[in-house]
Every structure is written in structure tokens, then in C-alpha cells.
Student: 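Sharing a structure below in C-alpha cells format, with a few things to ask.
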Amino acid sequence: MTTVRTDVLDDLLWRGLVAQSTDLAALRAVLAAGPVTYYCGFDPTAPSLHIGNLVQLLTMRRLQDGGHHPIALVGGATGLIGDPKPTAERTLQTRETVADWVERVRAQAERFLSFEGDNAATVVNNLDWTEPMSALDFLRDIGRHFRVNKMIAKEAVGARLQSEAGINYTEFSYQLLQGMDFLELYRRHGCTLQTGGSDQWGNLTAGLDLIHRAEGGEVHAFATPLVTKADGSKFGKTETGTIWLDASMTSPYAFYQFWLNAEDSQVGTYLRIFSFRERAEIEALEAATRERPAAREGQRALADELTALVHGPAEHAAVVAASLALFGRGSLEELDERTLAASLAELPRATIPAGSGELPPVVELLAETGLFPSRSAARRAVVEGGAYLNNQRVADEAAVPTKADLLHGRWLLLRRGKRHLAAVEVTG
RNA sequence: GGCAGGUUGCCCGAGUGGCCAAAGGGAGCGGACUGUAAAUCCGCCGGCUCAGCCUACGUUGGUUCGAACCCAACACCUGCCA
């Protein structure tokens, strides 16, 4: 018999991970009474999960560390339908695409859970019980428990009903499918708790109601908060786009830099949500950030822990070395080739053939690497003193790099302003 | 359906024949100061083979040596009347 930590829920509350929940006292009681089987679903809407999903994954892990039994659900079925967004209809992906993404998402989710011990994680795919079901069974056994009056009151659905575009029947049905998932896991695995993002609250309660009606069962749910930036804008997006967990979609370097650049005012919040450090340790980091913000101890701790967690210790070490090299001014020439190549590998780059003797002008390279949208913009930046070659400010807008500028005979490091870097590789 | 007004650069908005790549503000970018922050100050902010040229003021056509600006048609938007 597995013993459970009795303070799991209090820890989650302290971390601000419970934005909404069913009866909190009842939830606390069942979590304290013994191992609870809980689930959280991940729909394959892209080839990779992103750091928003990380909130869910880590919350699952926290509950598992507390002695409870996790079920990670991948939405092979729900991914074919699409959860209604308040703004617009989702593009239906092909079955092949969804099947491919399901496997990718499954592999990613598995890395954050433990498959050892009494409460080893289980992974399920809702396509397994949804696909075999006939439309008639679905309508008779599931559909009859749902009141349309309540369905249209849900936030995302309501927003779409107000809009001119409306909502199609496929997306409207989504909450039934997610409700059915919870019912199915309740029946098969005795699952009595579902977690999800707060935007999922309507779908979480759909399952709750269904289990109550169909089985008379008493189950629980809580939603994690929507993480935001200080200005209220969406978390996890940068000018270059979403921060993905897949290293080929967001480089470990970019991932590390994202956390390192977290706002001072949000570091504490992020640490509570994403770090596995103990409360006392996090509070110490919060204090450090308040007292010595320039040291960015909180940001460093966040970046270190999460990069190592998501990309592994080897990648973490590499990106820390890369960040130090690229931002540590003046020492570029002394870097050994392996470290330099690894650092530059993380950056956007342009490749030019060695061929004829002359290298292109700096202005052209700045535009070519995407650091500037046009040569005019690059030229202006040079005049303004905002462009750098190998960490040296470029003084002349007509400057042309020479062979002597090439680091280890083939690399150039370009920078725009203080923190936008790009590499040029001379091949051949 | 009738009358009136409008459509300008990423957004808001001035401009009513040459001095207009187009005032001002916002957003964005760079510099200084910092911490690869924030605030503040300064500069930049269509493109290019950059003292010049090209493209652009809803669309198309016209008047003129010359049009964001005048004329015509079309499209869309807003107010008032029905």
C-alpha cells in the first residue's frame, strides 16, 4: 500500500496551481485518504507540446510524487475534432497528421512522469474507446446525459455563438468527448480526479456531470491558472513564436534564454509553478530577486532547472557554455572550436559559399541572417552603432569582413543591439 | 432608397496641386545608463546598387510640365433622413 504525502494539495495551493476546483475540502480529504487515480489530457494540436502544457505535466508529476497514480491521456480522438477556441474554427488535421502528433506528444509527456513503483504512470489514447463506438451508441449513451442548454452556456461555445462565424457541430460535440473520457477512465481505472488548464474548466465539469448522471459517482477536478506575463499578455510566446518543448522546434539555447529573460516581477510566480524546489528555497530566491535583481538569481535558477529537466543535463551544460561565450564580451577568439561551433549552432544562421575570395559586406550579412528585415534597416543600425561583428561594434556601413575576421576559419558572429545574435558560416 | 461625410505608412491621425516618403502620437528598433531588466534621456523608424533612384496616400482611368491633394467611375466604411 502506497503512502501518500498529506501536504500535496497545500503545496499546490501555495504554488498557485489551483485556479478553480470542485469542493476543496472534499478534494483534500480524498487526497489524504490514499492514492487517487487522476488524469490530464493532451490534445495533439501541433507536433510538440509547449511550455504552457508544461504547467499540466509538472502538476501531474507533483501529484505523482505525492503518491498518487497518474494517467496521461493523449487525444487521438479529441485531436481529430478540435476543442472550440473562442475566436475561430480550428482547421481539421488529417488522420495521418493527428496519428503522428499523438505519438510525438505521448513521447514528450512520458518524460515527465515516473513509470516505476506502485503508482507508476499509465498512458492512454482516447481513440481506443472512441473509435469503436457507433454514432448511435454515442448519442444514446452519452448524448442523452447532456443538456444543450448547459452546453451553450460554456464560455468558448458562447463566444462562438455570439460571433457571426458561429460554431460547427463537430466542435460543439467536443465537450461530450472529453466528458466521455473521464467516464471511461472512471470505469476502467477508477479515476476520480481530472486536472487541466483553466480554459478547460468547462470540459472538466462536463466529465464531472456525466459521471454523476451515468454512474452516480462523486469525482473531482481542478484547473491550473493561465500563466501570464506582467502586462497580462500571453505567456510562452516570444517575437519568434511559441516556446516548444521539442528541441528541433525551439532550440535548447532559445529555451534557456526564454527563462533567463523572465521579468523580475514574475520570477517568483514562475518558480512556484515550474520549479520542483522546496518552498523555503523558492522563497529565498524570491527574496534574492527583490534585493539584488541585477544578479538574476531567480531567472538563472529557473533557466537551469527547466533546461536540464526538458532537454537533459548535457544540453543544459552546452547552452550555459554557449550563453556565457556569446554574451561574455571579448573572449570570442579564445574559444576553442568545439565550444564555438556548439554555441553558434544554437543561433539563426546564414551560410555562404567560400568560393571567390571576397566576403559579402556586413550589411548584407546582417539582412541575410534575418537580424534585420532589410539592408536599409541594417545600414541604419550600423550608422546608429547597433550592429556588431564578433562582439565589436561595426563602425562603417560599407564594412566588409576579411578572412582574418573568420573565427576558426569559417564563422562570424553578428549581433543586433544587446541580445539578438546570429551566425554566418562559410562553407567549402 | 435619399442626403452628407470618409478611405493616408504597423496602428491612430494631420495634410487639399510643386517646399510630401508625407506633421504629430502610439507601437517597434538602436544608443546612453543598467542586468542579455524596468524607468528615463537621445536617435532611428518604405525599399535599393543610398548626396541619387524606385515604390507608396482604397481601386481604375483622366486633367496637368507636375497629383495623397483636381475630375470620373467603381469598391468599402460612417452619420442623418426614410
Side-chain angles (χ1 to χ4, degrees), chain A residues 164 228-241 243 250-271 285-304 306-307 316 318-332 335 339-340 343-344 346-348 352 356 358-400 413-423:
Chain A
E164 264 182 52
T228 56
K229 295 201 267 193
D231 61 5
S233 65
K234 199 161 183 177
F235 169 80
K237 301 259 184 192
T238 64
E239 57 267 50
T240 40
I243 303 294
T250 297
S251 74
Y253 170 81
F255 185 87
Y256 178 81
Q257 288 286 322
F258 172 80
W259 295 107
L260 194 60
N261 285 315
E263 300 155 276
D264 296 346
S265 64
Q266 300 303 106
V267 164
T269 307
Y270 295 165
L271 279 166
L285 285 167
E286 288 177 321
T289 299
R290 253 191 324 274
E291 288 153 21
R292 296 180 299 281
R296 290 199 288 177
E297 288 170 56
Q299 282 92 335
R300 269 177 233 286
L302 249 187
D304 286 336
L306 288 166
T307 307
H316 168 244
V319 300
V320 169
S323 297
L324 287 174
L326 299 177
F327 285 102
R329 295 153 203 208
S331 60
L332 260 186
L335 277 182
T339 309
L340 180 74
S343 307
L344 297 179
E346 303 286 347
L347 304 175
I352 56 173
S356 53
E358 284 287 286
L359 292 166
V362 171
V363 162
E364 190 174 324
L365 294 171
L366 288 167
E368 190 69 28
T369 52
L371 232 34
F372 291 93
S374 68
R375 290 180 197 187
S376 295
R379 191 171 286 117
R380 274 194 301 272
V382 170
V383 173
E384 291 167 4
Y388 305 79
L389 170 67
N390 293 342
N391 285 342
Q392 298 287 318
R393 177 171 286 171
V394 179
D396 177 8
E397 58 176 301
V400 177
L413 176 67
L414 299 173
R415 190 168 97 231
R416 182 189 98 214
K418 286 185 184 139
R419 53 181 166 150
H420 298 278
L421 297 160

Student: For the residue pair A:Y270 and A:W259, categorise the inter-ring angle as parallel (less than 30°), tilted (30 to 60°) or perpendicular (more than 60°).
Tutor: perpendicular
Student: Please give, in whole Å, the distance from B:U36 P to A:R416 CZ?
Tutor: 17 Å
Student: Could you check how far CZ of A:R415 sits from C1' of B:G30, rounded to whole Å?
Tutor: 12 Å
Student: State which of B:U49, B:A32, B:U36 makes the closest approach to the side chain of A:R375.
Tutor: B:U49
Student: In whole Å, I'd like the distance from the CG atom of A:D264 to the C1' atom of B:A39.
Tutor: 12 Å
Student: Under 4.0 Å, heavy atoms only, any strand: does A:R380 hit a base, just the sugar-phosphate, or nothing?
Tutor: sugar-phosphate
Student: Once you round to the nearest 0.5 Å, how far does CD of A:E263 lie from CD of A:Q299?
Tutor: 9.5 Å
Student: In whole Å, what is the span from the CD atom of A:Q299 to the C1' atom of B:G35?
Tutor: 9 Å
Student: Please determine, for B:C44, whether a Watson-Crick or G-U wobble partner exists with both distances under 3.5 Å, and give it or none.
Tutor: B:G28
Student: Remember a base hit wins even if backbone is also touched, and classify A:E397 as base, sugar-phosphate or nothing at under 4.0 Å, heavy atoms.
Tutor: nothing
Student: Select from A:E384 and A:Y388 the residue whose nearest nucleotide in RNA chain B is closer to the 5' end of that strand.
Tutor: A:Y388
Student: Without decimals, in angstroms, what is the distance between A:L326 CG and B:U36 C1'?
Tutor: 11 Å
Student: State, to 0.1 Å, how close A:V382 and A:A387 come at their nearest heavy-atom pair, and which atoms those are.
Tutor: CG2-CB, 3.8 Å
Student: If you find the nucleotide of RNA chain B closest to A:L260 and the one closest to A:F372, which residue's nucleotide is nearer the 5' end?
Tutor: A:F372
Student: Quick one, A:N261 and A:R296 - any side-chain contact, counting heavy atoms below 4.5 Å?
Tutor: yes
Student: Using whole Å, what does the distance between atom P of nucleotide B:C29 and atom CZ of A:R419 come to?
Tutor: 8 Å
Student: Give the rounded distance in Å between these two atoms: OH of A:Y253 and P of B:U36.
Tutor: 12 Å
Student: How about A:L366 and A:R416: do any of their side-chain heavy atoms sit closer than 4.5 Å?
Tutor: no
Student: Considering only atom P, compute the distance from B:C20 to B:C11 and round it to an integer number of Å.
Tutor: 23 Å
Student: With a 4.0 Å cut-off on heavy atoms, is A:S374 in touch with a base, just the backbone sugar-phosphate, or nothing at all?
Tutor: sugar-phosphate
